[in-house]
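Numbers here simply count residues along the sequence, with the first being 1.
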Amino acid sequence: MGKKDIMKKIAGILCAACLLLAVGCGRTDPQDTVESVTASKDTAPIETETETETETETERQTEAAVLPEVIGSWMQSGISDPMMLILREDGSALYYASETRESEYTSTYTWEDGVLALNMVNLDNSGVTEMVFQADFSDEQGSSMTLTQMDTGTDLSLLYGYDQLMPGTYDRLSFTDEELNTLKETLGVPEDAAVTFTQGDPEYWYAGSRWLINVEIYENGTYVAGGAYDPLTLEACRNIMQYSGS
């Protein structure tokens with residue numbers, strides 16, 4: 001074998017060795033791959049559960065934020081002698097049968113997280129009995145509210161059946177802040193005027209066959225605009241006074 005052939009053979013051996021080294025350096029150990037995949041599988045569900053819990057909590061907070069305010073006047077729908085239920089800001093309550101209006105009862109209530117606890121007057125004048133209702137609203141404005149009695153084990157016998165009159169769907173018969181601002185605009189009150197509103201309890205207008213609420217608008221303590229309005233249609237009906245400046 002000549003010198004040139006020997007050199008070529010050595011060069012070939014060196015090239016083959018380099019290729020083997022290169023492949024060895026870039027090799028991934030199968031066990032490493034299995035461990036990596038296992039770790040990914042173990043980690044993924046934990047991240048998913050955390051995201052789900054966060055989303056659920058956000059949904060709860062959102063629902064609580066848009067829960068309509070229960071304060072106001074409410075009248076049962078679909079009843080021949082519907083109950084009127086008035087819940088005031090100070091925690092007092094007034095309820096009565098709106099057509100016959102034989103008796104009016106004044107008491108108190110509490111409201112928390114969609115649950116209404118109404119202290120109903122015992123008909124033997126011995127005090128009150130608490131009735132608890134789940135309140136479900138038709139929309140974010142709370143234009144209607146359905147009261148479903150919750151079983152708390154309380155003895156309701158002293159209400160003499162009056163408790164059976166309270167559950168049902170009630171329509172709101174009082175104005176929201178947005179509706180009051182709409183009335184303010186129709187009465188010609190300037191948008192930038194610093195005013196306060198008062199609204200009375202619903203009163204039945206026999207001549208017009210509808211319920212009305214008297215709305216008064218004050219500027220710097222002076223009555224400047226108002227009137228009696230239909231709470232269902234916002235129609236101006238009686239004693240309308242347009243704004244003329246304070």
- request: In sequence, state the C-alpha distance, the side-chain angles, and the governing distance for E219 and Y243, and then conclude on side-chain hydrogen bond (donor to acceptor under 3.5 Å, both in side chains).
  value: CA-CA 10 Å; E219 184 177 19; Y243 180 83; 2.9 Å; yes

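- Between N239 atom CG and N214 atom CG the span is 7.0 Å, to the nearest 0.5 Å.
- Every pair passing ring pair (Phe, Tyr, Trp, His ring centres under 6.0 Å) that includes a residue from residues 139-193 is listed here, sequence neighbours excluded: Y105-Y162.
- V115 has its side chain within reach of M150: a pair of non-hydrogen atoms, C-beta onward, lies under 4.5 Å apart.
- Grouping the Ile, Leu, Val, Met, Phe, Trp and Tyr side chains by contacts below 4.5 angstrom, directly or via other members, places Y96 apart from L165.
- Remark: the D136 side chain and the T146 side chain contain no N/O donor-acceptor pair separated by less than 3.5 Å.
- Closest non-hydrogen pair, Y218 versus Y223, comes out as CD2-N, 3.4 Å.
- From M120, atom CE reaches atom CG of D163 across 6.5 Å, with rounding to the nearest 0.5 Å.
- The cluster map of Ile, Leu, Val, Met, Phe, Trp and Tyr, joined by side-chain heavy atoms under 4.5 Å apart, puts I79 and L85 in different clusters.
- Looking at E179 and Y229, their side chains never bring a donor and an acceptor atom within 3.5 Å of each other.
- Looking only at atom types and distance, the side chain of S138 has a donor-acceptor partner in the side chain of S143 under 3.5 Å away.
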Atom pairs and distances, donor-acceptor, side-chain atoms in residues 204-211, under 3.5 Å, two or more places apart:
residue : atom : partner : partner atom : Å
R210    : NH1  : D230    : OD2          : 3.3
R210    : NH1  : E235    : OE1          : 2.8

task: List the steps, then state whether side-chain hydrogen bond (donor to acceptor under 3.5 Å, both in side chains) holds for N122 with T129.
output: CA-CA 6 Å; N122 296 333; T129 297; 2.6 Å; yes

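- Residues forming a side-chain contact (heavy atoms from CB on, under 4.5 Å) with S157 (at least two apart in sequence, or on another chain): D155.
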Atom pairs and distances, donor-acceptor, side-chain atoms in residues 180-188, under 3.5 Å, two or more places apart:
residue : atom : partner : partner atom : Å
N181    : ND2  : D177    : O            : 3.2
T182    : OG1  : E178    : O            : 3.2
K184    : NZ   : E191    : O            : 3.3
T186    : OG1  : L183    : O            : 2.8

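- Counting only distance, with no hydrogens or angles, the side chain of R172 and the backbone of G72 share no donor-acceptor pair below 3.5 Å.
- A donor-acceptor contact shorter than 3.5 Å is absent between the side chain of S92 and the backbone of T108.
- Nearest heavy atoms, S126 versus L158: OG-CD1, 3.7 Å.
- Considering only heavy atoms from C-beta on, T196 stays 4.5 Å or farther from I217 through its side chain.
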message: Show, in sequence, the C-alpha distance, side-chain angles and deciding distance for V189 and V195, and conclude whether the side chain to side chain contact (heavy atoms under 4.5 Å, CB included) test is met.
response: CA-CA 9 Å; V189 180; V195 298; 4.0 Å; yes

message: Run V70 and Y109 through side chain to side chain contact (heavy atoms under 4.5 Å, CB included) and show every step you take.
response: CA-CA 11 Å; V70 75; Y109 75 95; 4.3 Å; yes

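- In terms of heavy-atom proximity, V128 sits nearest to V121 at CG1-CA, 4.2 Å.
- Distance alone, capped at 3.5 Å, places no donor-acceptor pair between the Q149 side chain and the P167 backbone.
- Listed by first and then second residue, the salt bridge (Lys or Arg N to Asp or Glu O under 4.0 Å) pairs involving residues 81-95 are R88-D201 (not counting sequence neighbours).
- Using a 4.5 Å heavy-atom threshold, the side chains of E216 and F197 count as separate.
- The cluster map of Ile, Leu, Val, Met, Phe, Trp and Tyr, joined by side-chain heavy atoms under 4.5 Å apart, puts L156 and L118 in the same cluster.
- In terms of hydrophobic clustering, with Ile, Leu, Val, Met, Phe, Trp and Tyr side chains grouped at heavy-atom distances under 4.5 Å, W74 and L173 are assigned to different clusters.
- Considering all non-hydrogen atoms of both residues, P82 and E99 come closest at CD-CG, 3.9 Å.
- Every residue two or more places apart in sequence or in another chain that forms a side-chain contact (heavy atoms from CB on, under 4.5 Å) with E130 is listed here: A117, N119, V132.
- M145 and I86 fall into different hydrophobic clusters, where Ile, Leu, Val, Met, Phe, Trp and Tyr are joined by side-chain heavy atoms under 4.5 Å apart, directly or via other members.
- Residues M75 and M83 fail the side-chain proximity criterion, which asks for heavy atoms closer than 4.5 Å.
- Shortest non-hydrogen contact noted between I213 and P202 is CG1-CA, 3.9 Å.
- Rounding to the nearest 0.5 Å gives a distance of 6.5 Å between CG of D139 and OG of S144.
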- request: Check the pair L116 / L147 against side chain to side chain contact (heavy atoms under 4.5 Å, CB included), numbers first and verdict last.
  value: CA-CA 8 Å; L116 173 67; L147 295 182; 4.1 Å; yes

